[in-house]
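This one's a predicted model, so the numbers in the text were calculated from it and none came from an experiment.
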Amino acid sequence: MSTTASDPLAALGSLPGVPDAVDSVRKAVDRVYGHRVMRRRSNEVTAEAALRGSRGSAALAGADWNLEEVRRRTDFSGEDEARMVGAALRLTAEAGQLLSIWRQSPLRVLARLHLVAAGGATPDDAVGRPRLAGESVDEPLIEARLPGAEEVAGRLEGLSRLIIAGGSAPALVTAAVVHGELLALRPFGSHNGLVARTAERIVLIGSGLDPKSICPAEVGHAEQGRAAYVAAFEGYTAGNPEGMAAWIAHCGRSVELGVRESTAVCEALQRGAA
């Protein structure tokens, strides 16, 4: 794949189908931001999007609870699924507080996200740091080749440099690459999928595409299903233009489905039914 030395992500934005995906996402986001409910009740839409996004991310991690159970539940200790849902909720709540740090130190944010996700469920010395040589990874959904610790460190550093440098790549492209790279690396011993999807959310918010965090891509990833998610991710790991474009388009469709979800929330609020 050809890239430019100054902006390695820029070339991805011109892959076949990607400009259309970027344009479609932008139009969808603009439509929901233009909804009349957003003028006075955007905080309610943001809160509902956070809840639904958390539910979607947890579903992909194997805890596929219905929305009302997530809304009703107050105790997320105990069984594995409850802890996973609790981790997703904590990560979503944390994401908005890390935007300024993300632009300066993405690796620090990733460490914080893993700490929040683990919530005491992982041995203390393994929390918040990339795994060391020989350490195992608990990520049952992703079966791709697991990079070694040295490769993980090098690629994380490269990703960090790209984020700090910024560039002209569309927000969707950057978010998809961050998400895909973290899934591919699985840098932590656990909760890598949750962390990757939260990082995608941070990029979409921080880029200005979705500043109020009302377009939960996690909803769309879950709605398209675990099999489609894994298949699209395999395109990312293949590293060829077609696979990369397919992964970016999948992420774009996920954002659009998140927009559809929040549009429904806006309509319900307008009717007084939410």
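- Looking at H114 and P187, their side chains never come closer than 4.5 Å, going by heavy atoms from C-beta outward.
- The salt bridge (charged side-chain N to carboxylate O under 4.0 Å, His left out) test applied to R39 returns no partner, not counting sequence neighbours.
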Could you walk me through whether L12 and V18 satisfy the side chain to side chain contact (heavy atoms under 4.5 Å, CB included) test, starting with their C-alpha distance in whole Å, then the side-chain angles of each, then the deciding distance to 0.1 Å, before giving a yes or no? CA-CA 8 Å; L12 297 178; V18 172; 6.0 Å; no

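- Between H191 atom NE2 and T198 atom OG1 the span is 11.0 Å, to the nearest 0.5 Å.
- V137 and L183 fall into different hydrophobic clusters, where Ile, Leu, Val, Met, Phe, Trp and Tyr residues are linked whenever their side-chain heavy atoms come under 4.5 Å apart, directly or through other members.
- Under the 4.0 Å criterion applied to side-chain N and carboxylate O atoms, R26 and D23 are not assigned as salt-bridge partners.
- Counting side-chain heavy-atom gaps under 4.5 Å among Ile, Leu, Val, Met, Phe, Trp and Tyr, the cluster of L89 also holds L51, W65, L67, V70, F76, V85.
- Between V177 and L9, the closest side-chain pair of non-hydrogen atoms falls below 4.5 Å.
- Partners of E181 according to the salt bridge (charged side-chain N to carboxylate O under 4.0 Å, His left out) rule, which considers only residues two or more places apart in sequence or in another chain, are R155.
- Smallest separation of non-hydrogen atoms from A21 and A249: CB-CA, 4.3 Å.
- In this structure, R40 places its CZ atom where only 12 or fewer heavy-atom neighbours from other residues, nucleotides or ligands lie under 6.0 Å away.
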Verify side chain to side chain donor-acceptor pair (under 3.5 Å) between S254 and Q224, making sure each step is shown before the conclusion. CA-CA 8 Å; S254 295; Q224 293 184 83; 2.8 Å; yes

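- Of the residues listed (V25, T174, V255), the one engaging L204 in a side chain to side chain contact (heavy atoms under 4.5 Å, CB included) is V255, and it is the only one.
- Not less than 6.0 angstrom separates the ring centroid of F233 from the ring centroid of H221.
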Under the criterion side chain to side chain contact (heavy atoms under 4.5 Å, CB included), I'd like the reasoning laid out for L15 against M244: C-alpha separation, chi angles, the key distance, then a yes or no. CA-CA 8 Å; L15 290 175; M244 293 293 290; 4.0 Å; yes

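- Proximity of D210 to Y33: side-chain heavy atoms (C-beta onward) are separated by under 4.5 Å at one or more points.
- Taking every heavy atom of both residues into account, A176 and C251 meet most closely at CB-SG, 3.8 Å.
- Between S262 and P216, some side-chain heavy-atom pair lies under the 4.5 Å cut-off.
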Might you work through the salt bridge (Lys or Arg N to Asp or Glu O under 4.0 Å) test for R83 and D80, ending with a clear yes or no? CA-CA 5 Å; R83 290 200 300 270; D80 290 345; 2.3 Å; yes

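- Counting heavy atoms from C-beta on, the side chains of H35 and Q270 come closer than 4.5 Å.
- For residues 102-116, the pairs satisfying salt bridge (charged side-chain N to carboxylate O under 4.0 Å, His left out) are E94-R112, with sequence neighbours left out.
- Under the salt bridge (charged side-chain N to carboxylate O under 4.0 Å, His left out) criterion, K212 pairs with no residue at all, not counting sequence neighbours.
- Checked against side chain to side chain donor-acceptor pair (under 3.5 Å), S24 has the following partners two or more places apart in sequence or in another chain: E256.
- The hydrophobic cluster of L257 has no other members, since no ILVMFWY side-chain heavy atom comes under 4.5 Å of it.
- A donor-acceptor distance shorter than 3.5 angstrom exists from the side chain of S14 to the backbone of A11, with no hydrogens or angles considered.
- Taken to the nearest 0.5 Å, the CD1 atom of I248 stands 13.0 Å off from the NE2 atom of H179.
- Hydrophobic clustering of Ile, Leu, Val, Met, Phe, Trp and Tyr side chains at less than 4.5 Å, counting indirect connections, keeps V219 apart from V32.
- In the displayed structure, E150 atom CD is contacted under 6.0 Å by at most 12 heavy atoms of other residues, nucleotides or ligands.
- A single hydrophobic cluster is seen to contain both Y236 and I142, as judged by linkage of ILVMFWY side chains at heavy-atom distances under 4.5 Å, directly or through other members.
- Counting all heavy atoms, side chain and backbone alike, V127 lies closest to A118 at CG2-CB, 4.1 Å.
- With sequence neighbours excluded, the residues that form a side chain to side chain donor-acceptor pair (under 3.5 Å) with D75 are S77.
- Counted by atom type alone, S54 and T92 present one or more donor-acceptor pairs between their side chains at under 3.5 Å.
- Contacts classified as salt bridge (charged side-chain N to carboxylate O under 4.0 Å, His left out) and involving residues 60-72 (residues at least two apart or in different chains) are given here: E48-R71, R55-D64, E68-R71, E69-R72, E69-R73.
- L99 belongs to a hydrophobic cluster whose other members, connected by ILVMFWY side-chain contacts under 4.5 Å either directly or through intermediates, are M84, L91, L98, I101, W102, L107, V109, L110, L113, V116, V152, L156, L159, I163, V178, L182, L185, F188, L194, V195, I202, V203, I205.
- The shortest heavy-atom contact between A117 and R90 is O-NH2, 3.0 Å.
- Sorted by first and then second residue, the salt bridge (charged side-chain N to carboxylate O under 4.0 Å, His left out) pairs involving residues 220-235 (not counting sequence neighbours) are E223-R260.
- The minimum heavy-atom distance between T237 and A184, with the atom names listed, is CG2-CB, 4.4 Å.
- In this structure the side chain of Y229 reaches within 4.5 angstrom of the side chain of L141, judged on heavy atoms.
- Closest approach of A171 to L209, counting heavy atoms only: CB-CB, 4.0 Å.
- Among residue pairs with one or both ends in residues 182-205, those qualifying as salt bridge (charged side-chain N to carboxylate O under 4.0 Å, His left out) are R201-E218; sequence neighbours excluded.
- A 4.5 Å side-chain heavy-atom check between Q104 and I164 finds every atom pair outside the cut-off.
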